[in-house]
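These notes are about the structure you will find just below.
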Amino acid sequence: MPTTSTDPRAAAAALLAPGTTCHGFAVERCETVPELDSDAYVLRHTASGARLLYLACDDENKAFAIGFKTPPADSTGVFHILEHSVLCGSAKFPVKEPFVDLIKSSMQTFLNAMTYPDKTIYPVATTNEQDLYNLMDVYLDAVFNPAIYTKPTIFEQEGWHYELDLPEGAEGEGDGSAASLHEGTLRYNGVVFNEMKGALSDPMSVLDDAVNAALYPDTAYAHESGGDPRAIPTLTYEQFLDTHARHYNPSNSYITLYGDLDVDRALAFLDERYLSQPSAASCRMDAAVAAGEDPSMLAPNPLVVQAPVTCEYKRIEMSTTPENALVGLGLVLGSALDRKRTIAADILFEALLGSNEAPVKKAILAAGLGGNVVSYTAAESLQPYELIMLQNAQPGVARELRRVFQDACRDLCEHGVPRERLEAIISSNEYDLRQRDYGIADGVAIACDALSTWLYDDDAATLALKYGPVYEELRGELDGSYFEDLLRELVLQNDHMALVELVPVDAAEGSEGAGAAELAAKRDAMTDAELADVVERTAALRAAQEAEDTPEAKATLPRLRVSDIGEARPEPPLVVDTTAPIVCLRHDIPTNRLAYAMQYFDLSCVAFEDLPYVTLLCRLLKQLPTREHSAEELDNLLAGKLGFLSFTTEVMTQPDVDGVRPYLLVSAGALSEKIDALASLPREVWSSTLLLDADADRVRDVLTQIRIGLEQGFINNGHSAALGRAMSYSSPSAVVREQLSGVDFYLFLRDLLDHFDERLDDLRAKLTELADRIFVADGCLASFTGSDEDFNAYWAAAGDLGLDAGDGAGRDALVVPAPCDRHEAFVIPSDICFAARACDPRRLGIDVTGAWAVAANALSYDYLWNEIRVKAGAYGCGFRAAGERQAAFYTYRDPAIDPSIERVERAGAWLGSFEPDEAAFEGFIVSCVSGMDAPVKPYALTKRRNTTYLAGLDPHAREKRRAQMLAATPAELRSLGADVTRIAAESPTCVFGGRDVIAKSNAGFTVIDLLG
């Protein structure tokens, strides 16, 4: 009997007794998971074989996920293409883009899908229970009854298709223009094809793939699950459909429910709507069996254990810059089901390689083999592995890296891994586990975590979630030789390992030229009729993409009304406490027995040309010894006593369009029981770090690591770099950000590294002088989040933070140069591009209200999505209207520049004629407001509130913006069309992209070879 209790755990206990059946689900067991404050119920749908895990807890941010075991048999990316394609319409919801429609119209706090090397997951989250059922309905029909079986254009759009770019004026219709057809340029296009061209422009991804292929040559992990652009075009439509039919069935599925929800209703919904009904996939399978196909050939792809193999050395080549030379050493750790071993290995390698003071990393850096070394525990696979990666590697050092690494580990096995490091890492991990800040909705992250063991054993649904006893056991192992024995097994006695070197080669030697030649040969081998068919199929695809969904199709989608939103979640007022020794922004927010302390130091005392040194100061603090502790002692102390300590810069745009106020932000978090450390350790670092005596090698290592990180960001997140740079052409705040962390800072850093020896003494003196000038009470504002008890204890221990009053000298030293449009295109090693067109709308006299957020939603997920992602094949695009201080268009992993810019310039005209039906428009409002209302973790909420205060925003600005969203009308959005046209026409443009992509643009950019 369903219970009427409002307590989800009590309701589940009353309904789901082990050994009983509920709506076709056999309840196999129940376990308490104290780490998540939840009860876990493991069920199996008797008729279909579907597995289900329900985590009953009081989290209002409810979640659902369905996953499938999808180990690839090749590198065509079929499962990645399926992940995209099934969300392009289904039997019950026959619209072109239900995924986008849900983004536009639901209260989702998470909505996406992910392809892993051996599984595909479709998770959603929302704070509204009816919305959860709406999302479940669309997702379940998408995976079980997708439109891919009747619409091959979906495969062509999301996967790949040929396009023939004809000479200007050619018709290409097969009516006497055959010569023109053969003069055309044949190319591939498709969303996943272009996405993976971008993804595999990242040398670290390429190296990781190569290590996996060497470690697991006989398994699914040898293949690129996302798809290799060289292999994607070999995938046929029939293979695509067969793969779906074999894998997307309930018996191969893993369903997770999470949070405060009516589980009785949820189970009934799953059983009646989907699991007890035939699906498109099952019908195709039944037809295949009826046609005489061997049922064993229709089973899902196998996922098998790889017998130990040793790859002594493998060389791969990649067209990229010399700085991207890499060496990877992969070590298989054991079984995913041995959680103690996997977690222990993660702790162990973090202790050995997780910072510049970690003993093994220190040995590798001292050997001068490369610019940086990082390690990563890949725990979400059948056989987890550790990847140790040397970045900016010197030529031919692969075997030397292995020798230095093994020698350092051998020494630790003999003399002991430092216990203070291991204990510090365990403490740091436990802080993260208590904080539970996954960066996404908790239920989504937990569903993915569960599959890291559940996928490999039906009895291991909760194994990955119950980490408490493992950490308790590992703390006990600190007294013995467990960690040394494990290190010996994994490094010195491991017969399952691989050493791979990635060697950069010139672009002329890379794959781009070979790919163009291959396509030219294909074109030449095609008949006139085949080439005409390419043109006709492309036209048919365009027609399908441009066709509007019928009113009947749109009506099938479940929608929330504005009345479903409810009132905004109230926040306690921000209190400016002037009784504390330092004026303090006080946040009364529940934190689960954690405390966060911040100090904002005003940087208006720093000259503009010295701002890059502030960033270096931030990065070098914590890396150098203090008067009280060596660098190694400090590293251990910070990890063991604090959850985190960071020194960063933040730039606050002011109410005046030319106003800008940068800060150096010191942020720290700690368990409530470690308040004394929260009060003392940040102060020690900023006040007594030995900058004047900074070790040259240590400083050079840190600077090199910053450079490597920036270069990786340009390659992988070029849209963010392009947005920041484009904003700097018109916004003084963005000019400052560029000087602190953007392209200007990167160019400064490269020059500093090129002349490091002769500039070292000046660098030390400059950093010391800046620290003395910045870390003073004058211009400092504190912030604290935690209980009243913790607040009082913090200030009792912190006092005045040891800050001198400051003499006020140079308080107005910062003079920001006037921004100007540089119209730059930065060359990066990539086959795609990222473009941005951005400005501060106040510069154009445009007042951005809450209605602009609704307009941005419509532009991003209607016009731009259809024009730039669907038609042009870019992986991402959008329009942002952030508060009243930024308006920006951007594209992400885009195959071309000019076509997207042309579409951006037509955005205002589209908005000016925007006439949505009432339900669709309400959906835009619902999704905007729900995004504003989504739950926020305490630390993020603290930073948001602090920014509102320091940027001089109206403290009620969010409430007003929310009210403006709710009051928006289609007519109001249409009235914004002219302003959007002005923004698109008058905002400066910046591009980051491959040389060939930039060369094809006619926009007249100033082209800069950014990475040399």
Side-chain angles (χ1 to χ4, degrees), residues 37 420 423-424 426-437 475 571-601 621-622 626-629 633-648 663-689 775-777 779-805 936-946 949-950:
D37 296 320
E420 62 273 15
E423 191 162 9
I426 291 173
S427 296
S428 179
N429 287 3
E430 289 178 333
Y431 172 91
D432 291 339
L433 294 169
R434 184 188 294 187
Q435 185 173 233
R436 290 190 209 164
D437 191 348
R475 278 195 178 277
E571 291 180 9
L574 177 66
V575 175
V576 182
D577 191 323
T578 57
T579 65
I582 303 291
V583 175
C584 184
L585 303 182
R586 176 79 173 90
H587 301 273
D588 183 16
I589 302 170
T591 61
N592 193 25
R593 295 176 292 116
L594 301 176
Y596 303 100
M598 305 179 194
Q599 295 81 35
Y600 290 84
F601 292 95
L621 293 173
K622 298 197 310 176
T626 66
R627 288 191 295 270
E628 294 83 2
H629 296 98
E633 290 170 342
L634 181 66
D635 196 41
N636 293 335
L637 195 60
L638 294 177
K641 297 292 186 180
L642 299 180
F644 70 94
L645 172 62
S646 66
F647 293 81
T648 57
Y663 292 90
L664 190 159
L665 170 60
V666 183
S667 304
L671 304 175
S672 291
E673 51 267 34
K674 296 184 179 180
I675 286 291
D676 286 350
L678 185 65
S680 63
L681 288 179
R683 168 181 171 175
E684 176 186 333
V685 174
W686 78 55
S687 65
S688 68
T689 294
F775 294 115
V776 296
C780 177
L781 180 72
S783 168
F784 189 89
T785 306
S787 67
D788 290 341
E789 181 182 358
D790 286 348
F791 177 80
N792 294 329
Y794 174 80
W795 285 112
D800 62 3
L801 297 172
L803 296 173
D804 294 334
V936 180
K937 295 293 185 179
Y939 180 66
L941 179 57
T942 296
K943 289 194 68 177
R944 190 188 79 196
R945 286 154 56 103
N946 289 348
Y949 180 85
L950 291 167

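The shown structure was predicted, so the numbers you read here are calculated from the model rather than taken from an experiment. In this chain, numbering begins with 1 at the start of the sequence shown.
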Item to complete: Measure the acute angle between the ring planes of W686 and F601, then classify it against the limits of 30° and 60° as parallel, tilted or perpendicular.
Response: perpendicular
Worksheet, complete the sentence: Tightest non-hydrogen contact, residues S428 and G643, listed as OG-O, 4.2 Å
Discussion item. Just by distance, no angles: are the side chains of S672 and R434 close enough, under 3.5 Å, to form a donor-acceptor pair?
Written reply: no
Discussion item. Please determine whether side-chain contact (heavy atoms from CB on, under 4.5 Å) holds for the pair E684 and H629, giving the CA-CA distance in whole Å, both sets of side-chain angles, and the decisive distance to 0.1 Å.
Written reply: CA-CA 9 Å; E684 176 186 333; H629 296 98; 2.7 Å; yes
Item to complete: May I ask you to test the K943-M598 pair for a side-chain heavy-atom distance under 4.5 Å?
Response: yes
Practice prompt. Can you see which heavy atom on A797 is nearest to which on D676, and at what distance?
Written response: CB-OD1, 3.7 Å
Worksheet item: Do C584 and F791 have side-chain heavy atoms sitting under 4.5 Å apart?
Response: yes
Practice prompt. Indicate yes or no: at least one non-hydrogen side-chain atom of V575 is less than 4.5 angstrom from one of L585.
Written response: no
Item to complete: Could you grab the distance from atom NZ of K937 to atom CG of N592, nearest 0.5 Å is fine?
Response: 9.0 Å
Worksheet item: Is a side-chain donor-acceptor pair under 3.5 Å present for S667 with Y939?
Response: yes
Worksheet entry | Electrostatic pair R475:E423 at N-O distance under 4.0 angstrom | yes
Item to complete: Tell me, with the steps shown, if Y596 and Q435 meet side chain to side chain donor-acceptor pair (under 3.5 Å).
Response: CA-CA 11 Å; Y596 303 100; Q435 185 173 233; 2.7 Å; yes
Discussion item. Distance check, rounded to the nearest 0.5 Å: R627 atom CZ versus S687 atom OG?
Written reply: 6.0 Å
Worksheet item: When you measure from the centre of the six-membered ring of F784, is the NZ or CZ of R586 under 6.0 Å away and within 45° of the axis?
Response: no
Discussion item. Do L781 and Q599 make a side-chain contact, defined as non-hydrogen atoms from C-beta onward lying under 4.5 Å apart?
Written reply: no
Practice prompt. Report yes if the side chains of L594 and L671 come closer than 4.5 Å at any heavy-atom pair, otherwise no.
Written response: yes
Discussion item. Show, in sequence, the C-alpha distance, side-chain angles and deciding distance for F775 and L664, and conclude whether the side-chain contact (heavy atoms from CB on, under 4.5 Å) test is met.
Written reply: CA-CA 9 Å; F775 294 115; L664 190 159; 3.9 Å; yes
Practice prompt. Heavy atoms only: give me the nearest I675-A595 pair and the separation to one decimal.
Written response: CD1-CB, 3.6 Å
Worksheet item: What are the two closest heavy atoms between A424 and G640, and how far apart are they?
Response: CB-N, 3.6 Å
Worksheet item: Can you check side-chain contact (heavy atoms from CB on, under 4.5 Å) on S688 and R683, steps first, answer last?
Response: CA-CA 8 Å; S688 68; R683 168 181 171 175; over 6 Å; no
Worksheet item: Under 4.5 Å between any side-chain heavy atoms of D635 and K622, yes or no?
Response: no
Worksheet item: Is the number of heavy atoms from other residues, nucleotides or ligands within 6.0 Å of CD (E633) greater than 12?
Response: yes
Fill in: For the student: nearest non-hydrogen atoms of G669 and L678, plus distance
N-CD1, 3.9 Å
Fill in: L621 vs L645, side-chain contact (heavy atoms from CB on, under 4.5 Å): CA-CA, chis, key distance, verdict
CA-CA 10 Å; L621 293 173; L645 172 62; over 6 Å; no
Item to complete: Mind checking the OG1-CH2 spacing from T579 to W795? Nearest 0.5 Å is all I need.
Response: 9.5 Å
Worksheet item: Between R944 and E571, is there a salt bridge with N-O shorter than 4.0 Å?
Response: yes
Worksheet item: S783 and T942: which non-hydrogen atoms are nearest, and at how many Å?
Response: OG-CG2, 3.7 Å
Worksheet item: Rounded to the nearest 0.5 Å, what separation is found between the CG atom of L950 and the CZ atom of R945?
Response: 13.0 Å
Discussion item. Check R436 with D37, please: is the shortest side-chain N to carboxylate O separation under 4.0 Å?
Written reply: yes
Worksheet item: Tell me, do V576 and Y949 make a side-chain contact under 4.5 Å, heavy atoms counted?
Response: yes
Practice prompt. Report, as yes or no, whether the 6.0 Å neighbourhood of atom NZ on K641 holds more than 12 heavy atoms from other residues, nucleotides or ligands.
Written response: no
Worksheet item: Between the main-chain N or O of D788 and the side-chain N or O of N792, is there a donor-acceptor pair closer than 3.5 Å?
Response: yes
Worksheet, complete the sentence: Output for pair (D800 CG, I582 CD1), nearest 0.5 Å, gives 6.0 Å
Item to complete: Enter the distance from L681:CG to K674:NZ here, rounded to the nearest 0.5 Å.
Response: 10.5 Å
Worksheet entry | T689/T626 under side chain to side chain donor-acceptor pair (under 3.5 Å): CA gap, chis, key distance, verdict | CA-CA 4 Å; T689 294; T626 66; over 6 Å; no
Worksheet item: Can you check whether F647 reaches L665 side chain to side chain, under 4.5 Å on heavy atoms?
Response: no
Fill in: N/O donor-acceptor pair under 3.5 Å between S646 side chain and T648 backbone
no
Worksheet entry | Any donor-acceptor N or O pair under 3.5 Å, side chains H587, N946 | yes
